[in-house]
Amino acid sequence: MNKEYVDNINIKQLIGLVSLAYMFSFIIRLIWVYQFKDNPDFMWNNQLMINTNDGYFFAASAEQALSGLHVDNPRVFSMFTYGLVAITVLFTKITPFSLETVTLYLPAFISSLVVIPMILIARLYKQTLWGFFAALLGSIAWSYYNRTMIGYYDTDMFSAMAPMFILFFLIKSTIDFNLRSSLYAALAIVIYPFLYDQGQSIVYVMGIIYGVYMIFYHRRENTTYASLILIFLALTPLGLAKPDIYIVQTLLVLIAFAILQTKEFQTKKLIIVSAILFLIFLILGNVFGLIVGKILSYTIKGTEETGLHFYAVNQTVREAGSIPFETFANRISGSEIGVILSLLGYIVLVFRKPVFILALPLVGIGIFAMFGGLRFTVYAVPMAAMSAIYLFFVIGEYIKDVKFKYAFITLATAALIYPNIAHIIGYKVPTVFNKQEVKDLVALDKIASGKDYTFAWWDYGYPIWYYSDTSTLIDGGKHNNDNYIISKIMFSTSQIQAANLARLAIETYVDSNYSVVADTLFKDKNPNDMMEELKLPDYQLPNKTRDIFLYMPFRMLNIFPTVGVFGNLDLKTGNNLRNIVFYPAQPIKQDGSTITLSNGISIDAAKGEALLGKNNVTLRNFEVATLNKDSQTIVQSNVFHMNGNYSVVYLKSYNKMILMDNETYDSAYVQMFMLGRYDKNLFELVVSSPYTKIYKLKR
């Protein structure tokens, strides 16, 4: 860099720039609060609710530590299992804020800290302003904002911020060649899994690249191998339970640092120790297995357990699918031009400062997002911002006038920031549940005990824990082969089968020490035969040890076909049992007896026919369901053609009309939620609102 870039920013000014970047990041995130603060449907306990399902997983653990709730839920862990929960509990106890307020604002408070390592990394090269401009962009860029906005209470707030601190200390150790910098990097590596264990493979690769870099450039220095000893010791898993592993590993790193600082060792001995630790790290850390497994977990297309074929969740999750270049670019930098500048900037940065090869795992995993899914883009955001802004500074070297130079850098940075802020303003993501849905779960809480179970699709598992203090069979982190069980219940055309399967599944789950129910039930049995046996009224069930509730929300209507995919399988072959037809839409036009839906389907309500694509099909049933003031379902029924293959349900109160096949029409969800029809010998309707119907199992 030319002399105009020589850093003359003192510590006081540095603190000012860091504070300014941090405030910018935080204030931008307040836009969402401003947009929704006056919406009563998004408020609970006088506070906006969070906007990510997974947040309730951590909130339930925090609530357990603070209030003693969820003690019977086997999936709610100790506050010391996750750093996010420990921090949440600490903030709730030492501040006057409620748990709802802490969980709402903590993502912005934590994630905005990413500006610190970004600015400090640039300062290592006497270019603090490079870091400042990059921090303005990186802290609010599209993907990073989406996963760290106010209300997005999840460990993602650490996903990119924590690795940037590790990167800073690793780079610093290559510049000042001070073992203390390596110590800080090692301690950051030890703490990282406590904050965000999903990114462990990225840190593993950073550690390996650090080792290669240090040996390539500084192989004759004792400090190199002393540093590697600390880093590899921090990376090596010890097989201990949380949080013991973090305490023990921190002590080991500190002891190793003290020994290396106070005694002189021959280079040969240091090389041997670092090499042994590296091998132990590779073996115990299952490094290559972890990295490959992480990739396969987002490319696998199904599961097969004990000879049975189950449907994999990542086949339906958008985050786990390949994405087009435009989406990839927007997520990382806010625009296609922005990501191209970032990639070019990174190449220039590594060419000029090879140590930035240490950031390759962050950049690489971001590029992998085009194949692995949206969730990976977040890791690359800070480094992409630093790379793009660095390129502006490189171009600025050719502008002689200092004022024009910084005017160019400022305007170019603003141009990259603009599309990201435009996205933030338009990104009006709602809260997970609305107020009435929460009221329904709180009503369930008053009926149920802490040891009871609620059967629901996995999307709703965590909020059900938090608001109703009941457990679930599947949830946002445990959506395995047991998805089949819930899907079967919701799509069952026999309410006896649904009731029997629910009781059998929960008692088996508890009795087997919370193993995967589907694997346990079908271990030595033909699943097809067993599902038929469950339709028998006298099926021999295990003894009842707790109550079971069926949670059927209106919001499941649009994903109902997806729910059906998991149970619509012959588990022996993996083949679909049938073609599920379920097309919800709004009626937008009526011409005589012909109703046109928003999805293009036309229905003749007089003839009992529907135009489905180019095919004219006959209807068996046409039901009009209306909710009265007590949220009871009133149904007007019409039977047109007994041999018709399709039925229509018009949910008049929601202005939703659904064309479906007859087997789906006969399913538990359609009959019990949409039409309010249920076997009173098997179920009791305990909660009913326009948004939810919750049934209690009687057997």
Gap separating the [atom1] atom of [X] from the [atom2] atom of [Y], nearest 0.5 angstrom:
X	Y	atom1	atom2	answer
Arg331	Leu374	CZ	CG	4.5 Å
Ile150	Phe109	CD1	CZ	12.5 Å
Trp130	Leu391	CH2	CG	11.5 Å
Ser333	Phe328	OG	CZ	8.0 Å
Ile175	Leu124	CD1	CG	4.5 Å
Ile171	Phe169	CD1	CZ	12.0 Å

Holding to side chain to side chain contact (heavy atoms under 4.5 Å, CB included), I want the full list of residues that pass it with [X], two or more places apart in sequence or in another chain.
X	answer
Asn10	Lys12, Gln13
Thr81	Phe77, Ser78, Lys242
Thr128	Asp7, Ile9, Leu14, Leu17, Ile119, Arg123
Ser159	Asp156, Tyr196, Val378, Tyr379

Does [X] have any ring-ring contact (aromatic ring centres under 6.0 Å, His included) partners at least two apart in sequence or in another chain, and if so, which?
X	answer
Tyr466	Tyr56
Tyr462	Phe57, Trp465
Phe278	Phe232
Phe36	Trp32, Phe42

Side-chain touch [X]/[Y], heavy atoms, less than 4.5 angstrom:
X	Y	result
Asn483	Tyr311	no
Ile231	Met214	no
Phe91	Thr103	no

Quick one about [Y] and [X] (side-chain donor to acceptor, distance below 3.5 Å, no hydrogens or angles considered), yes or no?
X	Y	result
Ser227	Ser173	no
Tyr217	Thr174	no
Asp176	Ser181	yes

Taking side-chain hydrogen bond (donor to acceptor under 3.5 Å, both in side chains) as the test, write out the residues that go with [X], two or more places apart.
X	result
Thr101	Gln47, Ser98
Trp142	His423
Ser112	Ser25
Asp54	none

Nearest atoms (heavy-atom pairs only) where [X] meets [Y]:
X	Y	value
Ser274	Leu228	CB-CB, 4.1 Å
Asp475	Gly461	CB-CA, 4.2 Å
Asn420	Gly334	OD1-CA, 3.3 Å
Ser143	Thr377	OG-OG1, 2.7 Å
Ile399	Lys405	O-CE, 2.7 Å
Ala108	Arg29	CB-CD, 3.6 Å

>> Test ring-ring contact (aromatic ring centres under 6.0 Å, His included) on Tyr125 and Tyr390; report intermediate values, then the result.
In response: CA-CA 12 Å; Tyr125 297 95; Tyr390 182 77; 8.6 Å; no
> Checking side chain to side chain contact (heavy atoms under 4.5 Å, CB included) against Met383, which of Ile332, Leu349, Leu360 comes through?
Replying inline: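 So the option named by the test is Leu349.
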More than 12 foreign heavy atoms under 6.0 Å from [atom1] of [X]: is that the case here?
X	atom1	answer
Phe404	CZ	no
Ile337	CD1	no
Phe97	CZ	no
Phe325	CZ	yes

Looking at [X] and [Y], would you say the former's side chain and the latter's main chain have a donor-acceptor pair under 3.5 Å?
X	Y	value
Tyr213	Phe356	no
Asn51	Tyr152	yes
Gln249	Thr236	yes
Arg147	Tyr144	no
Glu100	Ile50	no

> Can you check side-chain contact (heavy atoms from CB on, under 4.5 Å) on Phe281 and Tyr204, steps first, answer last?
Replying inline: CA-CA 9 Å; Phe281 154 60; Tyr204 277 2; 3.5 Å; yes
> Given Thr88 and Tyr153, is the side-chain hydrogen bond (donor to acceptor under 3.5 Å, both in side chains) satisfied, shown in steps?
Replying inline: CA-CA 10 Å; Thr88 301; Tyr153 178 69; 2.6 Å; yes
> Please walk me through it: do Leu106 and Leu84 pass side-chain contact (heavy atoms from CB on, under 4.5 Å)?
Replying inline: CA-CA 9 Å; Leu106 194 62; Leu84 174 58; 3.7 Å; yes
>> Between Leu187 and Leu183, is the side-chain contact (heavy atoms from CB on, under 4.5 Å) condition met? List the steps.
In response: CA-CA 6 Å; Leu187 293 177; Leu183 169 66; 4.1 Å; yes
> How are the rings of Tyr427 and Tyr145 set relative to one another: parallel (under 30°), tilted (30 to 60°) or perpendicular (over 60°)?
Replying inline: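 Taking Tyr145 first and then Tyr427, their aromatic rings stand perpendicular (interplane angle over 60°).
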> Would you call the rings of Phe393 and Tyr406 parallel, tilted or perpendicular, where under 30° means parallel and over 60° means perpendicular?
Replying inline: perpendicular
>> In this structure, is the centre-to-centre distance between the rings of Phe165 and Tyr184 below 6.0 Å?
In response: no
> Val85 and Val89: side-chain contact (heavy atoms from CB on, under 4.5 Å), yes or no, with the steps?
Replying inline: CA-CA 6 Å; Val85 179; Val89 172; 4.3 Å; yes
